[in-house]
Structures are given as C-alpha cells and as structure tokens.
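In what follows, a single structure is set out as structure tokens and then discussed.
The figures here come from the full heavy-atom set of this structure, side chains too, leaving out hydrogens, waters and symmetry mates. Order of the sequence lines fixes the chain letters, A, B, ..., with proteins taken first and strands second; residue numbering starts at 1 for each chain.
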Protein chains: 2
Amino acid sequence: MGQRVQGTDGGNGEVPSMCPRCVLAGILGEALQDPDSRQLLARLTQDKTSLGCGQTLRRDGEVFQALYMLRAGALKTTTVSEDGSPQVIDFHFPGELIGLSALGTGRYLGLITALSPSALCVIRSTDLEDLSTRYPGVRKRLLQLAAREVGRRERMHQLMLGTRAEVRLALALLNIAGRLQVLSADGLSRFRLPMARADLAAYLGLTPETTSRHLRNWESKGWISTRGREFRVEVPDALQVIASRRIPDGVSVNHTRLAGIGSGLPG
Amino acid sequence: MGQRVQGTDGGNGEVPSMCPRCVLAGILGEALQDPDSRQLLARLTQDKTSLGCGQTLRRDGEVFQALYMLRAGALKTTTVSEDGSPQVIDFHFPGELIGLSALGTGRYLGLITALSPSALCVIRSTDLEDLSTRYPGVRKRLLQLAAREVGRRERMHQLMLGTRAEVRLALALLNIAGRLQVLSADGLSRFRLPMARADLAAYLGLTPETTSRHLRNWESKGWISTRGREFRVEVPDALQVIASRRIPDGVSVNHTRLAGIGSGLPG
DNA sequence: CGGAGTCTTGACCTCTATCAAGTTTTGTGG
DNA sequence: CCACAAAACTTGATAGAGGTCAAGACTCCG
C-alpha cells in the first residue's frame, strides 16, 4: 500500500523507518505540483507523534480527528469481546495508514496501541478536508487506498477461513512478513515479529499454546528457525506449502485412510 | 450503508427491492442539485442488469468496469482455496454496493454470483469518473462508503474470532438479519436466508453439519424455529445472548472449573 | 409421483482449548 | 556486569468441540 521506500530520514535514526515524504507524496499526489502545497507537506512531515511501547494512540469510540501514517514501529488495534477475552483486529506496519475506517463512521474502532516504540505522521482531519477540497486528486487517492484496504480485509477473511490452525498461522506469517518486508534486507526469509505470541494468537482466534506448538513443530522439521520473535525461513516456500494445504502431508484426510498420519515430513 | 428505503419501484415488482433512486441519491449527493445530472441519474436507474439464480456477475480477476448497486435479490462472492475447498468471502444484500474493493486494485476479487434472482443498477467506471470529477461530493461520498466498508470488515474479523462455532453462527445470523431487515416487516425476528446452509457454513469456516447441529440445538430449546431457510426468533435477544458468551450453558467451561457461571438462558 | 439437491442425524476421531508446570527471555536495580 | 523478578514462551496431559464420512429424511420442482 502506498509507495514504500526504505527510509533514511534525517531526524531520529534509532529505528528503521519509512521516508514520510514518499508515502505522503503518494497520498497527496498532484497536490505536490502546487508549490504552495509543498509548505503543507513540510508541515505534515514534521507534525509527528511518537509512542512508547504499550502507549495508546486512540481509544475505542473516540471521534475522528486525524489519519495517521506510521513511519516506524508497529501498532495493534484491539477490542475486548463481551466475555472479556481480548481480540486483535489488526496490526499496523510502517507505511500504512491508520484510522481510515474512522472516516466512515466518524469514530475510531478499537484501542490502538504501540507494540514497539513508534513514530507517526499526523494528518489532521481539517488539513485533510482542506487538501481534499483544493486538490481532487487527494480524495481520489484516498478512495483508492480505502478500497485497497477493503480488499486487504477481504483476503484476511479468506485467511480466517482456514479452519486449521496451522494454515491460518502460515498465512498470517506470510501476510505479516510481506508487510514488514520493506524494512528487511532479507525479504521474506528473515524477519522479526513486533508482537507477542499472545497477540498473534488473538489475531487468529487461537491460543498462544497452539501457536507455539505449531511453530516448534515446523522448527523440528527444519522448515523455520525461531529465536524469540526472530524468524528465519529455512525452506523457501515452506510457509506457502503449509498455507496451501488443509490436508496434512499430501497424505490422508481422515481415519481409515493410510496408516501413519504423522502430519509431517520425514523427520 | 447508503440510504435505505423500502422500495416500491414502478417496473418489475416480483421481488421486494430497494428504491434505486434513493440509494443512488445517497451516492450522488450534491450532484443532484444540478438539473443536468438528473438526466444521468435517470440513466443510471434504468441501466440495470438482472441475474438468474446461480448466474455470475463478475469473475475473479476481471478488470474493474463498473460498480453495482444491488436492488433486489442476493449475491455471494466466493473463491476457491488452493486445496479446492470453496470459500465464501461475502454476501451482498439489497442497497449495498458491489465492487468497491476493485476500485483499489482495478480488478474484481472472487467470483460474484447470484443466490436468487437479482436486479442491479450499473454504475460504469466511466460514468463514475465523470461524476467524480464534476462533483467532488460524489467522491467524498464514495470514500465514506469505502471507509464504512472497511469498518464492516473489521467487525467481521471480530466475528470470526469467536472461536466457538455457536458464537460465530449467532453473530453471523444477527449480521445478516440486520442487513436483510430493510425488506422484512418483522424486523430481526423473522427472515429468510437466501443462501444454502453450505454457503453460510463456508462463510464462517464451518461445515454444514456443525451449522445444522447448532441450529437444531437452539430449536430444541425453543429459542428459534426454522423451516428450511425460513427463520423465526422465538426468544427475543436469544441470538444476542448466544453471541455474547463463549461460555456454554451456564455450565462449566472445562473440567474442574466453576460450578454455575449463569450467563445462559433458562434451559 | 419421482428424482436431485438440500438438510439432518449418527458414529468416530482429530484438533485445539484448557489447565498446569516448567523454561527461557526480558527488563531492572544493585 | 550480574542477580533477580516479571513476562513471555514452551511443553505436557486431558477433554470437549468440531471435522469427516456415511446414510437417511426432507424439500422443492418438474
């Protein structure tokens, strides 16, 4: 989503981060032609918020005030279901817009908190309105981004349809790795999850235990290696293979079919 | 979504349907002030497609050509997962826009087919572009609709996080009943599902068998009654109660834990 | 009335949630 | 830099929920 460019920003270089100009430029589009708007762009890129780990950006139900562009770090959006168990609705990674859905209802949905120290650009609703009326292309671009977000969430639904925990987990890791990719020189094969296992599990409707078990299982087969939140995919496409089969080994679907269901590769 | 008004259209009155003018008016907004655009509106409301049960509107990957507004009937969007099992990504009910996500990528996602005889208004991409450039309010409205759709899908994710099949099913029925409500005089307490159990199950990542079992279970408790696809909710809020508890019958969550958690209806 | 498709019911078995310890990692203060 | 405490993660045992296969009942149509 948006234009992503590996960041080397002038300011605080503690964390790898997006070049905010590039991303915002993607949103502003034609507005940039106008020298007058350069000024605004400059203001937007300076107008930032930073959050410590665990700090909250917005709470559930707060009225829409601004769209945020995540520059560095990672966030999560959570709710609490009626029975009290925590639910993770989404994660947010550098280069992504946060708060789009609040454009529809006028209120933020869920509690948005930082998973790690994060930096964000703030695009105030007033500025957004200003820009949108002055430059039609801005709204066109926003519409495109929102539509893309709808598509992303539709694919997320697909992901959740994988009944099997193993499939969901593999798909989610691919998804997250893809979104993190920008920041990693190694592409998909190596990445660091910013969130706890419990968050990942809650995102997928699983328990941390199940999540852990499958990861260890894959590791025991040599497909991946993990060390805490650090991941490395040893067998290229291993995740894809797992993700694409609800059916275990290319072996049986069910009882009375074939003996050793080990559900694994030779190992 | 959109403005919904119970329909009494002049044309073919076989099926209860939305008043297309009202819905389109919600999209077009200010454009309507312009007498010139009335003409376009007239054209859009006439420009319709109708589909027989099972017929397809668009296929996966087709390039974006038009946005559709469903006037009557019901559609589903499906994909096939890599292992060949069918997945239902979404249902579409009267008054809803179809194809928004294709605005982002330029291509439709999934196979869109009719669940029952359906009628749709066609808003060609060219017309859309025309309108959008002439009337900024149109794009603003579309952005709002897209953002709302993002929110809807975020809540859908929440729904899927209900691990328990019973909870998912109850939430989904509430969701669908709500979207169907416009057409039913009895509100939420009585409705007819347009889709087969198998589709509903595939939408939720369940099997038809499990779906059926839970429905019959609720029926045996007198909470609902069903006859084929016809539903009636006998105990008001029964679905809400089911939906809000992962915890079964006021009994235990698990062995050795808690005597009576209540939280259930009288059995 | 018959036949196809849809829905229900049953038996069985796998998978995942749950509870309960361990173990490792992370963060903090000495 | 080490020691300690608090999280986070892993591992194990167990049972309940849901998937799978199979067959029967019901519906809808022609």
Side-chain angles (χ1 to χ4, degrees), chain A residues 52-54 83 85-86 115-117 160-169 192-202 204-220 225-231 245-249 251-264, chain B residues 52-54 83-85 115-116 160-169 192-202 204-220 225-231 245-249 251-258 261:
Chain A
C53 185
D83 71 343
S85 58
L115 290 163
S116 57
M160 298 293 290
L161 289 179
T163 296
R164 200 157 246 135
E166 197 176 30
V167 174
R168 301 229 291 244
L169 188 54
R192 179 186 174 77
L193 292 183
M195 76 291 284
R197 294 272 189 287
D199 283 329
L200 186 59
L204 298 171
L206 304 173
T207 57
E209 291 95 327
T210 300
T211 305
S212 184
R213 269 185 257 270
H214 283 290
L215 290 176
R216 293 305 311 250
N217 184 18
W218 297 345
E219 193 159 12
S220 75
S225 51
T226 67
R227 188 185 166 86
R229 298 179 184 180
E230 212 77 49
F231 279 69
R245 57 150 195 227
R246 300 197 178 182
I247 297 154
D249 269 341
V251 188
S252 76
V253 175
N254 199 334
H255 59 116
T256 56
R257 285 267 210 106
L258 308 151
I261 291 211
S263 103
Chain B
C53 185
D83 71 343
S85 58
L115 290 164
S116 57
M160 298 292 290
L161 289 179
T163 297
R164 198 154 247 138
E166 197 177 28
V167 173
R168 302 230 287 246
L169 188 55
R192 179 186 175 77
L193 292 183
M195 75 290 287
R197 294 274 189 285
D199 283 329
L200 186 59
L204 297 171
L206 304 173
T207 57
E209 292 94 327
T210 300
T211 305
S212 185
R213 270 184 257 270
H214 283 292
L215 289 176
R216 291 309 308 261
N217 183 16
W218 297 345
E219 193 159 14
S220 76
S225 51
T226 68
R227 189 187 166 84
R229 298 180 183 181
E230 212 75 53
F231 280 67
R245 58 148 195 228
R246 300 198 177 180
I247 297 154
D249 258 345
V251 189
S252 71
V253 174
N254 197 335
H255 55 120
T256 59
R257 262 280 204 132
L258 309 154
I261 289 215

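The distance from atom CG of B/Asn217 to atom C1' of C/dT8 is 14 Å, rounded to the nearest whole Å. We find that CG of A/Leu215 is positioned 15 Å from C1' of C/dT16, with the value rounded to whole Å. Atom pair A/Met195:CE and C/dT26:P shows a separation of 16 Å (rounding to whole Å applied). If you take CZ of A/Arg168 and C1' of D/dG18, they are 13 Å apart, rounded to a whole angstrom. Per the geometry, CD belonging to B/Glu230 stands 14 Å off C1' belonging to D/dC28, to the nearest Å. A straight line from CG of A/Leu169 to P of D/dC9 spans 13 Å, rounded to a whole angstrom. As rounded to whole Å, 16 Å separates atom P of C/dT14 from atom CD of A/Glu166. In this entry the distance linking CZ of B/Arg197 with C1' of C/dG5 reads 14 Å, nearest Å.
Applying the 4.0 Å criterion to OP1 and OP2 of D/dG18, one finds that B/His214 has a side-chain N or O inside that range. Remark: A/Thr207 is not in phosphate contact with C/dT16, judged by side-chain N or O atoms under 4.0 Å from OP1 or OP2. Considering only side-chain N and O atoms, A/Arg227 lies nowhere under 4.0 angstrom from the phosphate OP1 or OP2 of D/dC9. A close approach under 4.0 Å does not occur between any side-chain nitrogen or oxygen of A/Thr210 and OP1 or OP2 of C/dT16. Contact annotation: A/Arg229 does not reach the phosphate of C/dT25 (side-chain N/O to OP1 or OP2, under 4.0 Å).
Checking D/dT11, D/dG19, C/dT8 against every side-chain atom of A/Arg216, the shortest atom distance belongs to D/dT11.
Considering every non-hydrogen atom in both B/Arg229 and B/Arg197, the closest pair reads CA-NH1, 4.4 Å. When every heavy atom of A/Ala198 is checked against every heavy atom of A/Pro208, the shortest pair comes out as CA-CG, 3.9 Å.
In this model, a side-chain donor or acceptor of B/Glu209 finds a partner on the base of D/dC21 within 3.5 Å. Taking only distance into account, the side chain of A/Arg213 meets the base of C/dT18 through a donor-acceptor pair shorter than 3.5 Å.
Position along DNA chain C of the nearest nucleotide to B/Ala196 versus A/Gly205 favours B/Ala196 as the more 5'-ward residue.
The closest side-chain heavy-atom distance from A/His214 to A/Leu206 is not below 4.5 Å.
A/Leu206 comes within 4.0 angstrom of the backbone, heavy atoms only, and of no base.
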Take B/Leu215 and B/Thr211 through the test side chain to side chain contact (heavy atoms under 4.5 Å, CB included) and record every step on the way to the result. CA-CA 6 Å; B/Leu215 289 176; B/Thr211 305; 4.2 Å; yes
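Using a 4.0 Å cut-off between a side-chain N of Lys or Arg and a carboxylate O of Asp or Glu, A/Arg227 and A/Glu230 do not qualify as a salt bridge.
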